[in-house]
Amino acid sequence: MRVNYGYIKVVLLLVLVVFLYAFSSVRNATRTVKTPEIKFVGDDNLFVTHETVSKLLIQNQESVTNKPKDIIDLNRLESALNSNPMIKQAQVFMSVDGLITAEIEQKKPIARVSTNASYYIDESGGFMPLSTNYTARVPLITGLIEKNDLANVHAVARKIQGDDFLTKHVVVIHQNRDKTIDLKFRSHDFNIHLGTLKLLDKKINNLKAFYKKAMKDKTLENYKLVNLKFDKQVICTKK
């Protein structure tokens, strides 16, 4: 009887592969998780601290550090991070050797509501709580503000954020009862009445032209009101 050595070699090879796979799987499952590495993406201003993120990286009310790899639910950890109102987006990864890395992108505040309640408005127009760790230098929003209706003041804040002149000068955005908008400058005490947001770009250009001319004429301190609600003219009231 002839022995088929080729067949035997294939069987032995398959047995060896299965053994090595089972061995590596068991070894990998018994590896424990190292202390998570936390990376912040984008701005250096930390509204949410490393400590806060570490506390969010909890599973079943226990730290994930030194726990077996196979019991770690990365999706659950990611969801816990993304539930934080200061975090815009979080991603959690685990390497082969058990190192968990959390990449955190924080929300970016563009204005701060200062009424009965104090909070930031972020770039997308959403709510962002104040941080005990860092305070952003952004315009204050005053007046009649409702947390579920921030579109009007958000549009003005975004306009200011994207304009060097406005970023330099505007410190207060005030929303009146009729939702018209007033602005206050950092170094001058006159009130700027924008009116509605209709033709906002035109009104801002009128404001810049007025400021440039009044600065040249050294008359900026002569006014108490700069009215921009009419897009074709600037009406100024003297003190």
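Keep in mind the model is a prediction, meaning the values are calculated, not measured.
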Student: Residues in side chain to side chain donor-acceptor pair (under 3.5 Å) with K229, at least two apart?
Tutor: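 For K229, no residue satisfies side chain to side chain donor-acceptor pair (under 3.5 Å) once neighbours in sequence are set aside.
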Student: Do the side chains of I104 and V53 get nearer than 4.5 Å, heavy atoms only?
Tutor: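 Of all side-chain heavy-atom pairs linking I104 with V53, at least one is under 4.5 Å.
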Student: Count the heavy atoms belonging to other residues, nucleotides or ligands that lie under 6.0 Å from CG of D164, then report whether that count exceeds 12.
Tutor: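 Open.
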Student: Should the ring pair F185 and Y211 be called parallel, tilted or perpendicular, given that the plane angle runs from 0 to 90° and is split at 30 and 60?
Tutor: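 Ring orientation, 0 to 90° scale: perpendicular.
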Student: Using 30° and 60° as the class boundaries, would you call the ring planes of H188 and F190 parallel, tilted or perpendicular?
Tutor: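 Geometry flag for F190 against H188: parallel rings.
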Student: Does a donor on one side chain sit under 3.5 Å from an acceptor on the other, for N133 and S131?
Tutor: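 The criterion, which ignores hydrogens and geometry beyond distance, is not satisfied for S131 and N133.
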Student: Evaluate the ring planes of F47 and Y120, with Trp represented by its six-membered ring, and classify them as parallel (under 30°), tilted (30 to 60°) or perpendicular (over 60°).
Tutor: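 Ring orientation of F47 relative to Y120: perpendicular.
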Student: Determine, for K159 against D201, whether the closest basic-nitrogen to carboxylate-oxygen distance falls under 4.0 angstrom.
Tutor: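 Yes, K159 and D201 are salt-bridged.
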Student: Nearest 0.5 Å please: distance from the CD atom of E105 over to the CD1 atom of I87.
Tutor: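 Spacing of CD (E105) from CD1 (I87) equals 10.5 Å.
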Student: Distance to the ring centre below 6.0 angstrom and angle to the axis at most 45 degrees; does that hold for K239 and Y223?
Tutor: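 Not satisfied by the 6.0 Å and 45° rule.
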Student: One thing to verify: whether E103 and K39 come together as a salt bridge, which I'm taking to mean a side-chain N less than 4.0 angstrom from a carboxylate O.
Tutor: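 Looking at E103 together with K39, the answer is no, because their closest N to O distance does not fall below 4.0 Å.
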Student: Using a distance-only test with no angle check, is there a side-chain donor-acceptor pair under 3.5 angstrom linking D217 and T219?
Tutor: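 Note: D217 and T219 side chains miss the donor-acceptor criterion.
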Student: Same cluster or not: are Y134 and I110 linked, directly or through other Ile, Leu, Val, Met, Phe, Trp or Tyr residues, by side-chain heavy atoms under 4.5 angstrom apart?
Tutor: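 Hydrophobic grouping puts Y134 apart from I110.
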Student: Are side-chain N/O atoms of N227 and H193 paired as donor and acceptor at under 3.5 Å?
Tutor: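 H193 and N227 do not have a side-chain donor-acceptor pair below 3.5 Å.
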Student: Tell me which one of I173, I204, T180 satisfies side chain to side chain contact (heavy atoms under 4.5 Å, CB included) with L194.
Tutor: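 Testing L194 for a side chain to side chain contact (heavy atoms under 4.5 Å, CB included) against I173, I204, T180 leaves exactly one candidate, I204.
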Student: So does Q233 have more than 12 non-hydrogen atoms from other groups sitting under 6.0 Å from CD?
Tutor: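 Yes, enclosed.
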Student: Can you find a side-chain donor-acceptor pair between Q175 and N152 that sits under 3.5 Å?
Tutor: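 The criterion, which ignores hydrogens and geometry beyond distance, is satisfied for N152 and Q175.
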Student: For E123 and H154, which heavy atoms make the closest approach, and how far apart are they?
Tutor: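 Result for this residue pair: O-NE2, 2.7 Å.
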Student: Taking only Lys NZ, Arg NE, NH1 and NH2, and the carboxylate oxygens of Asp or Glu, determine whether D163 and R158 approach each other closer than 4.0 Å.
Tutor: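 No, D163 and R158 are not salt-bridged.
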Student: If you count the non-hydrogen atoms of other residues, nucleotides and ligands that lie under 6.0 Å from CZ in R186, is the total more than 12?
Tutor: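 More than 12 heavy atoms, drawn from other residues, nucleotides or ligands, come within 6.0 Å of this atom.
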Student: Can you list every pair that meets ring pair (Phe, Tyr, Trp, His ring centres under 6.0 Å) and has a residue in residues 74-98, with sequence neighbours left out?
Tutor: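 Not a single pair qualifies under ring pair (Phe, Tyr, Trp, His ring centres under 6.0 Å).
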Student: Quick check: does any side chain N or O of N176 sit under 3.5 Å from a backbone N or O of D178, one acting as donor and the other as acceptor?
Tutor: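 Checking the backbone N and O of D178 against the side chain of N176, no donor-acceptor pair under 3.5 Å is found.
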